[in-house]
Structure formats: C-alpha cells, structure tokens
A.B. asks: 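What follows is a single structure, and I will ask about it in a moment.
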Amino acid sequence: MEIAFPFGFDPRGRTTGATREEHVRQMIEQLLLTRPGERVMRPDFGSGLYHAVFAPNAPELATALVFTTRAALQRYLGDVIDVARLEISAEGESLFVALDYVLRESGTPQSVVIPIAEPVS
C-alpha cells in the first residue's frame, strides 16, 4: 500500500492509502503538473507544460512538447513505467496529455488523460 496524493486522512484517522496503480498515476500527475523551479530541493523537476497552455497551437510546438514530456517521464519515472504512447493536444485554454504506459513491475498496461490548464488566480 502506498500513501495517496494529495496527503489526507481516511474516516478512521489513518493516512489515506492508494493502490500501486493509483500511486503511479498520481506520480505522473505530479510530474506533469509541476512547473520547473517549483520544488526547492529539485528545481529541475517538472514537465514545463504550463508554459505552453497559451502558446500558439502549431505542429512544431506539439512535437516539441511530446519530446520534452517523454524525456521528463523517462528521467523521473523511467524505472517505474515504460511509455507506450504519448499524445498532447490543445483545446481552447487547455492541453490534454494522453498517455499509455506499462507498469514495469507487473507488466500491466495503463492509460490516463490529464488536462493541463492555467490555474485561476
């Protein structure tokens, strides 16, 4: 059993847990939703996708984002997952990351779609 993200407590007052599959998905979300420079002790951690939310939609940008996002996934989660498919698409003010991956320890295929939108201040 893994600790769930965000950290919280269950109705019995214990730390909220997550299955291994949920925990890996949460790690992927943390990586994709973190801007480089946000973490004090790991300033290079993150994907940088927020920088492209309002950028002009172009095939070159999409290709660059796929490349840099795949590199971030490989660097920080390469020991946990194998990326099978990664697509990034823009719709309005949001980016959508569609990721198919395989958990290395179990060989279980997983899919996730994560929306990335500029947070409202």
Side-chain angles (χ1 to χ4, degrees):
M1 182 111 148
E2 306 281 349
I3 295 175
F5 180 84
F7 185 80
F9 299 101
D10 66 13
R12 295 180 4 181
R14 299 182 305 181
T15 301
T16 305
T19 65
R20 182 65 177 160
E21 290 81 12
E22 292 169 336
H23 183 68
V24 170
R25 184 182 190 286
Q26 292 165 356
M27 288 192 304
I28 291 169
E29 287 181 10
Q30 287 179 58
L31 176 62
L32 297 181
L33 298 175
T34 300
R35 298 174 194 202
E38 274 187 50
R39 294 204 175 176
V40 176
M41 300 303 286
R42 292 187 83 180
D44 58 336
F45 182 84
S47 67
L49 287 173
Y50 276 116
H51 298 296
V53 170
F54 291 110
N57 193 4
E60 297 83 11
L61 177 63
T63 302
L65 288 175
V66 168
F67 179 76
T68 58
T69 303
R70 186 179 292 269
L73 288 165
Q74 177 62 37
R75 179 176 182 186
Y76 294 105
L77 298 175
D79 58 335
V80 180
I81 64 170
D82 285 320
V83 176
R85 180 184 67 92
L86 175 64
E87 292 180 7
I88 299 176
S89 60
E91 293 178 23
E93 298 175 349
S94 298
L95 293 175
F96 291 90
V97 178
L99 175 64
D100 293 339
Y101 60 96
V102 177
L103 293 174
R104 283 186 173 232
E105 62 189 29
S106 66
T108 308
Q110 302 284 318
S111 294
V112 64
V113 176
I114 299 172
I116 310 238
E118 187 69 26
V120 179
S121 304

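For the single chain, residues carry numbers from 1 onward in sequence order. Computed from a prediction, not measured in an experiment: that's the story for all the values here.
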A.B. asks: Test of understanding: with salt bridge (charged side-chain N to carboxylate O under 4.0 Å, His left out), list the residues that count as partners of Arg104, not counting sequence neighbours.
C.D. replies: Asp82
A.B. asks: At their closest point, which heavy atom of Ala72 faces which heavy atom of Leu31, and how far apart are they?
C.D. replies: O-CD2, 3.6 Å
A.B. asks: Work out which heavy atom in Asp100 is nearest to a heavy atom in Ser111; give both atom names and the distance.
C.D. replies: OD1-OG, 2.7 Å
A.B. asks: Kindly write out the residues that satisfy side chain to side chain donor-acceptor pair (under 3.5 Å) with Arg39, not counting sequence neighbours, or none if the list is empty.
C.D. replies: Gln30
A.B. asks: Restricting to side chain to side chain contact (heavy atoms under 4.5 Å, CB included), what partner residues turn up for Thr108, sequence neighbours left out?
C.D. replies: Leu103, Ser106, Gln110
A.B. asks: How long is the straight-line distance from CG of Leu49 back to OG1 of Thr69, given to the nearest 0.5 Å?
C.D. replies: 4.0 Å
A.B. asks: Between Ser47 (side chain) and Leu32 (backbone), is there a donor-acceptor pair under 3.5 Å?
C.D. replies: yes
A.B. asks: Applying side chain to side chain contact (heavy atoms under 4.5 Å, CB included), can you list everything that pairs with Ala4, at least two apart in sequence or on another chain?
C.D. replies: Thr16, Ala18, Gln26
A.B. asks: For Phe45, give me all partners under ring-ring contact (aromatic ring centres under 6.0 Å, His included), at least two apart in sequence or on another chain.
C.D. replies: Tyr76
A.B. asks: So do Leu95 and Leu65 actually touch side chain to side chain, heavy atoms under 4.5 Å?
C.D. replies: yes
A.B. asks: If you compare all heavy atoms of Glu2 against all heavy atoms of Thr19, which two are closest, and at what distance to 0.1 Å?
C.D. replies: CG-O, 4.4 Å
A.B. asks: Do you know the tightest heavy-atom contact between Val80 and Arg20?
C.D. replies: CG1-NH2, 3.8 Å
A.B. asks: Which pairs with one or both residues in residues 7-26 pass ring-ring contact (aromatic ring centres under 6.0 Å, His included), sequence neighbours excluded?
C.D. replies: Phe7-Phe9
A.B. asks: Which residues pass the salt bridge (charged side-chain N to carboxylate O under 4.0 Å, His left out) test with Glu87, sequence neighbours left out?
C.D. replies: Arg85
A.B. asks: Quick one: salt bridge (charged side-chain N to carboxylate O under 4.0 Å, His left out) partners of Glu21, sequence neighbours excluded?
C.D. replies: none
A.B. asks: Go through the structure and list residues passing side chain to side chain contact (heavy atoms under 4.5 Å, CB included) with Val112, not counting sequence neighbours.
C.D. replies: Arg25, Leu99, Tyr101, Ile114
A.B. asks: In the structure I gave you, are the side-chain heavy atoms of Asp44 and Pro36 within less than 4.5 Å of one another anywhere?
C.D. replies: no
A.B. asks: Using the test side chain to side chain contact (heavy atoms under 4.5 Å, CB included), find all partners of Val66 that sit at least two apart in sequence or belong to another chain.
C.D. replies: Leu86, Ile88
A.B. asks: State which residues pass salt bridge (charged side-chain N to carboxylate O under 4.0 Å, His left out) with Asp79; sequence neighbours excluded, sorted by chain then number.
C.D. replies: none
A.B. asks: Does Phe67 CZ have over 12 foreign heavy atoms under 6.0 Å away?
C.D. replies: no
A.B. asks: Applying a strict under-4.5 Å side-chain criterion to I, L, V, M, F, W and Y, I'd like to know whether Met27 and Val97 cluster together.
C.D. replies: yes
A.B. asks: Can you sort out the partners of Arg42 under side chain to side chain donor-acceptor pair (under 3.5 Å), two or more places apart, ordered by chain and number?
C.D. replies: none
